[in-house]
Amino acid sequence: MTDQSTAPAADRAARDLHAFIAALPKAELHVHHVGSASPRIVAELAARHPDSKVPTDPEALADYFTFTDFAHFIEVYLSVVDLIRTPEDVRLLTYEVARELARQQVRYAELTVTPYSSTRRGIDARAFMDAIEDARKAAEADFGTILRWCFDIPGEAGLEAAEETVRLATDDRLRPEGLVSFGLGGPEIGVPRPQFKPYFDRAIAAGLRSVPHAGETTGPQTVWDALTHLRAERIGHGTSSAQDPKLLAHLAEHRIPLEVCPTSNIATRAVRTLDEHPIKEFAAAGVLVTVNSDDPPMFGTDLNNEYAVAARLLDLDERGVAELAKNAVEASFLDAAGKARLAEEIDTYTARWLAA
Ligand SMILES: Nc1ncnc2c1ncn2[C@@H]1O[C@H](CCC(=O)c2cccc(C(=O)O)c2)[C@@H](O)[C@H]1O
Ligand SMILES: [Zn+2]
C-alpha cells in the first residue's frame, strides 16, 4: 500500500477525483446493448453456445477486443451479436448491463439496442421486446437504475434494416414502453445519412427523438446531414465537428449536445491519441458536451473511467465534473421532473463531498 502522507499532492488529488466520480450519480446517454456485454456475460453466452469463435478466457478476450480499425471493430462486434440467440440471452444481457450501470452509480441510461440484428437472426420480435422490457422493469426494481431504449438502424445493413427497425419502433403492438429514441449506427463510410430520412421522419412522427451517430469515422458533412436530413437532437460522437468552426457554432447556438466517447474513439482508431481528442475544442466552442462509454468492455473502459479521462483532458475539478454529469441530465430524454431530481441529487452529493 502507498504511504498517503508522502504521496505527491497531485496524485492525492487525482485519487480523490476518482473516488468522487465513482460515487457521483450519473446519466449515460450513449452505450450499446451488445457492446456492454462484460467478459463474464460473454463467457456465459459463449458457454451456452459453444460453436462460437469468441474466446471465453478474459486474457484472450482482451486480445480479441484489440482493433486494427473501425471495420475490424464491427466484425468483432458482430461475432458477439452472434452469441445472442434466444430471448433468455437477451434478458440476461440486459439485466446484467443494468447491474454494471448501477455499480457505477448510473441512475438513468439510454441504451442503444439494435433489434434488427436479433430479429434477423431468428429471435421473435414479440419475445425480444418482452425480454428487454422484463429486464428493464426488474433492473429498476432491483437496482434503482432507470433504463430507456434507443432503437438504432445498423446503417450498413441497408434500407431493409431501416424498414424493419422503424416497423419495430412504431408498431403499437410491438413498440416497448421504454423506447424513447431512434438512432443510426455502424460504419459511416459508404453509408450516406440522407437515405435514412423517410425512416427518421416516421420515427419522429411516432414521438421518438432523433439521435444518429455522425462524424465518428467521416467528416463534418455527415454531422450536417444528420442535422438537416435526420433532424438530430443529439449527435453520437460528432468527433469530426471540430474540423468545422461553423458547425461547432451551430451546435453551440442550438444546444445540440455531442455524445462524446473518448476511449472508444482511440480503440476504433477514429482519433490517434487521447491528447489529440477534440473534446477540448467542443467545450471551448460552448458545445454541450456529454461523456459516455459506447461499448465499455470492448474498449477496456467504463463510464467512471470516461469521466476521469474527460476531467484530465478538460482540466476539471470536482465541481467541473459535476457540471459534466449535469450536462448529461440536461441532454437526456428524462421528463422535467426526472431531470430536476437527478440534477438535485448531483448537487447534494457534490456539496456534501466538498464539505467533508
Ligand atoms: N462506436 C460505434 N459506432 C457505430 N456503431 C456502433 C458503435 N458501437 C457499437 N455500434 C453498433 O454496431 C452495430 C453495427 C451493426 C452492423 O453494422 C451490421 C451490418 C450488417 C448486418 C448486421 C446484422 O446484425 O446482421 C449488422 C450498430 O447497430 C451499432 O449499434
Ligand atoms: Zn455508439
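As the structure lists them, so they are numbered: ligands from 1, and atoms in each ligand from 1.
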**Message:** Taking side-chain hydrogen bond (donor to acceptor under 3.5 Å, both in side chains) as the criterion, tell me which of Thr290, Asp294, Asp295, Thr112 meets it with His30.
**Reply:** Asp294

**Message:** Using ring centroids (six-membered ring only for Trp), state whether His229 and Trp224 fall under 6.0 Å.
**Reply:** no

**Message:** Using heavy atoms and a 4.0 Å limit, tell me yes or no: is His237 in contact with ligand 1?
**Reply:** yes

**Message:** What protein heavy atom lies closest to atom 29 (C) of ligand 1? Include the residue and the distance to one decimal.
**Reply:** Asp152 OD2, 3.2 Å

**Message:** Would Gly236 count as a contact residue for ligand 1, given that I'm defining contact as a non-hydrogen atom of the residue lying under 4.0 Å from a ligand atom?
**Reply:** no

**Request:** Measure from the side-chain N and O atoms of Lys339 to the backbone N and O of Glu330, and report whether any donor-acceptor pair falls under 3.5 Å.
**Result:** yes

**Message:** Checking the side chain of Glu188 only, and the main-chain atoms of Glu216 only, is there a donor and an acceptor separated by less than 3.5 Å?
**Reply:** yes

**Request:** Report the part of Phe151 in contact with ligand 1, treating N, CA, C, O as backbone and CB onward as side chain, heavy atoms under 4.0 Å; options are side chain, backbone, both, neither.
**Result:** neither

**Request:** Kindly indicate whether a cation-pi arrangement holds for Arg234 with Phe333, taking the cut-offs as under 6.0 Å to the six-membered ring centre and within 45° of the axis.
**Result:** yes

**Message:** Do Thr263 and Glu306 pair up side chain to side chain, a donor and an acceptor below 3.5 Å, judged on atom types alone?
**Reply:** yes

**Message:** Just to be sure I understand the site: which N, O or S atoms from the protein are less than 2.8 Å away from the Zn ion (ligand 2)?
**Reply:** His30 NE2, His32 NE2, His213 NE2, Asp294 OD1

**Prompt:** Going by an N to O cut-off under 4.0 Å, is there a salt bridge joining Arg126 and Asp130?
**Reply:** yes

**Prompt:** Do the ring centers of Phe299 and Phe65 come within less than 6.0 Å of each other?
**Reply:** no

**Polar side-chain atom of Gln104 near backbone of Leu101 as donor-acceptor pair, under 3.5 Å** = no

**Request:** Identify which one of Glu345, Glu28, Glu140 satisfies the salt bridge (charged side-chain N to carboxylate O under 4.0 Å, His left out) criterion when paired with Arg107.
**Result:** Glu345

**Request:** Give the contacting part of Leu78 toward ligand 1: side chain, backbone, both or neither, where contact means a heavy-atom distance below 4.0 Å.
**Result:** side chain

**Request:** For ligand 1, find out whether one of its N or O atoms is nearer than 3.5 Å to an N or O atom of Asp295.
**Result:** yes

**Asked** Under a 4.0 Å N-O cut-off, is there an ion pair linking Lys326 with Asp347?
**Response** yes

**Prompt:** Is Glu188 near ligand 1, meaning one of its heavy atoms is under 4.0 Å from it?
**Reply:** no

**Asked** What part of Cys261 sits under 4.0 Å from ligand 1 if we count only heavy atoms: the side chain, the backbone, both or neither?
**Response** neither

**Request:** State whether the number of non-hydrogen atoms from other residues, nucleotides or ligands found under 6.0 Å of Glu59 atom CD is greater than 12.
**Result:** no

**Request:** Identify, for atom 18 (C) of ligand 1, the protein heavy atom at the shortest distance, and state residue, atom and that distance.
**Result:** Pro154 CB, 3.8 Å

**Complete:** Closest to atom 2 (C) of ligand 1 among protein heavy atoms sits Glu216 OE2, 3.5 Å

**Residue part near ligand 1, for Ile153, under 4.0 Å between non-hydrogen atoms** = neither

**Asked** Can you list the ligand 1 atoms lying under 4.0 Å from a non-hydrogen atom of Phe73?
**Response** 7 (C), 8 (N), 9 (C)

